[in-house]
Protein chains: 2
Amino acid sequence: MRPDLDTTLTQKNIRPTAMRLLVLDYLLNQTAAVSLNNLETYFMRSDRITLYRTLKTFEEKGLVHSIDDGSGSVKYALCPDDCSTEEHHDLHVHFFCNQCRETFCLPKSHIPEIALPENFKTEEVNLMVKGICSKCTR
Amino acid sequence: MRPDLDTTLTQKNIRPTAMRLLVLDYLLNQTAAVSLNNLETYFMRSDRITLYRTLKTFEEKGLVHSIDDGSGSVKYALCPDDCSTEEHHDLHVHFFCNQCRETFCLPKSHIPEIALPENFKTEEVNLMVKGICSKCTR
DNA sequence: GGATAACCTGCAACTGCATTGCATATTACC
DNA sequence: GGTAATATGCAATGCAGTTGCAGGTTATCC
Ligand SMILES: [Mn+2]
Ligand SMILES: [Mn+2]
Ligand SMILES: [Zn+2]
Ligand SMILES: [Zn+2]
């Protein structure tokens, strides 16, 4: 079903090194967006900087997108398939749970058109909703 | 017309010191949101930390609100009159100009209701639009 | 398969912004 | 004016992000 990790990387022009395959595998198994610190904690044996550059490479090549949720550290999550180096299609809402402090992509919640004053031109929209997530609600 | 600086502060339970009056006056004359660095540059003679704590106090007391525009440094802008220590009424859009790199409050652009998946509860919404502002358009 | 070039990784160091502690100065209040 | 509460200035620290460089690994060409 799911294409193998190696091809996922090469399709995005990312050389499939051992580290990158491990990070991709990790990302595929997350339900929430991850921070560099998350990776660092999980991959204790490896270098912080390499993980940092791995995320940066993934982002550049359109494999992940970054989310500034206001928590102080940037989060990363896998992109929908149609993202590329040239253009990120990330017009969905991001949600930060005030209780578990996890950040989620809500790809089904689309960002509405925003009416701006005259002569303001939109190039990018960032919509961050904060509240209580479904896991923490019950 | 505009109430004097001293009263503006005391009405919000902020002791009107010399520094605070100067900062308030400065804020009143801005069209864009200001960063700590902006203040530091403008008030060269005074201490960075004092300016920092001035902004923090203003924020706590509901005189200004902070804006995380993703630029790396937090911006501050005067609140509408009905903000208080207990509650900030800041449900407007913020705009970051990719050209002049200034951040504006757009109080007339209201944030629409966002449809979330089941069991997600909204407590706060942050809407950051990036693009080209009216000054930079022409 | 071996040589070369391109790329990746690990360590160290550095930046910028935010934040705190503490001693001194200023202000409010009796 | 005297005392307590608060504000200020200076120093130091934390933390996330970022860069330089040397050495290791991978791809590629012959
Ligand atoms: Mn997302
Ligand atoms: Mn605002
Ligand atoms: Zn939660
Ligand atoms: Zn502009």
Side-chain angles (χ1 to χ4, degrees), chain A residues 5-26 33-61 63-77 85 96 101 103 128, chain B residues 5-26 33-61 63-76 85 96 101 103:
Chain A
L5 303 176
D6 210 300
T7 2
T8 306
L9 291 183
T10 47
Q11 274 175 2
K12 297 272 182 183
N13 272 308
I14 304 169
R15 298 218 316 210
T17 67
M19 191 72 253
R20 289 169 176 177
L21 290 166
L22 288 171
V23 172
L24 174 57
D25 187 50
Y26 176 78
V34 305
S35 67
L36 177 56
N37 270 331
N38 292 149
L39 282 185
E40 210 182 334
T41 308
Y42 185 77
F43 295 105
M44 292 198 305
R45 316 288 313 218
S46 43
D47 186 53
R48 189 183 137 69
I49 313 297
T50 303
L51 294 169
Y52 167 74
R53 283 194 267 229
T54 300
L55 288 173
K56 281 297 197 190
T57 304
F58 283 9
E59 188 183 14
E60 263 168 38
K61 303 292 186 173
L63 182 58
V64 303
H65 61 279
S66 62
I67 308 158
D68 184 351
D69 59 10
S71 71
S73 60
V74 178
K75 306 285 168 58
Y76 296 85
T85 309
F96 179 80
R101 307 190 62 76
T103 299
M128 208 52 235
Chain B
L5 302 175
D6 209 300
T7 4
T8 305
L9 290 182
T10 47
Q11 272 175 2
K12 297 271 183 182
N13 271 308
I14 303 168
R15 301 216 315 211
T17 66
M19 191 73 251
R20 288 169 177 177
L21 291 166
L22 288 170
V23 172
L24 174 57
D25 187 51
Y26 176 78
V34 305
S35 67
L36 177 57
N37 270 332
N38 293 148
L39 281 186
E40 208 183 336
T41 308
Y42 185 77
F43 295 104
M44 292 197 306
R45 316 287 314 218
S46 43
D47 187 54
R48 189 184 144 69
I49 312 298
T50 303
L51 294 169
Y52 167 76
R53 283 194 267 230
T54 300
L55 288 173
K56 281 298 196 188
T57 304
F58 282 9
E59 187 184 14
E60 263 168 38
K61 303 292 186 174
L63 182 59
V64 303
H65 61 279
S66 62
I67 308 159
D68 183 351
D69 59 11
S71 72
S73 60
V74 179
K75 306 284 167 60
Y76 296 85
T85 310
F96 178 80
R101 305 190 65 76
T103 300

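Residue numbers begin at 1 in each chain, while the letters A, B, ... track the order of the sequences.
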For [N], does OP1 or OP2 lie under 4.0 Å from any side-chain N or O of [X]?
| X | N | result |
| --- | --- | --- |
| B:N37 | C:dG16 | no |
| A:R53 | C:dT9 | no |
| B:K56 | C:dA18 | no |
| B:Y52 | C:dT19 | yes |

Minimum heavy-atom distance between B:A33 and B:I67, given as atom pair plus value: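 In this case the closest contact between B:A33 and B:I67 is CB-CD1, 3.8 Å.
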Heavy atoms from C-beta onward define the side chain here; which of D:dG17, C:dA18, C:dA6 lies closest to that of A:R15?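 The answer is C:dA6.
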How far apart are the C-alpha atoms of B:Y26 and B:Y42, what are their side-chain angles, what is the distance that settles it, and do they pass the ring pair (Phe, Tyr, Trp, His ring centres under 6.0 Å) test? CA-CA 9 Å; B:Y26 176 78; B:Y42 185 77; 4.5 Å; yes
Rounded to the nearest angstrom, tell me the gap between atom [atom1] in [X] and atom [atom2] in [N].
| X | N | atom1 | atom2 | answer |
| --- | --- | --- | --- | --- |
| B:L55 | C:dC17 | CG | P | 14 Å |
| B:F43 | D:dG9 | CZ | P | 12 Å |
| B:I14 | D:dT8 | CD1 | P | 11 Å |
| A:L51 | D:dT18 | CG | C1' | 15 Å |
| B:L22 | D:dT8 | CG | C1' | 14 Å |
| A:R48 | C:dG10 | CZ | P | 14 Å |
| A:D68 | D:dA16 | CG | C1' | 12 Å |
| B:E40 | D:dG9 | CD | P | 13 Å |

Between B:P16 and B:L36, which has a closest nucleotide on DNA chain C that is more 5'?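 Closest to the 5' end, via its nearest nucleotide, is B:L36.
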Do A:S46 and A:L51 come within less than 4.5 Å of each other through their side chains, counting heavy atoms only?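 Side chain of A:S46 against side chain of A:L51, heavy atoms only: contact under 4.5 Å found.
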Need one value for B:R20: base, sugar-phosphate or nothing, where a base atom within 4.0 Å counts as base even if backbone is also close, heavy atoms only.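 Sugar-phosphate: the residue B:R20, judged by heavy atoms under 4.0 Å, touches backbone atoms but no base.
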Have B:N37 and B:S35 got a donor and an acceptor in their side chains that come within less than 3.5 Å?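 The answer is no; no qualifying pair exists.
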How do A:I49 and A:T17 order along DNA chain D: which one's closest nucleotide is nearer the 5' end?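 Its nucleotide being nearer the 5' end, the pick is A:I49.
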Check for a donor-acceptor pair, side chain of A:R48 on one end and backbone N or O of A:E40 on the other, with a separation under 3.5 Å.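 It does not hold such a pair.
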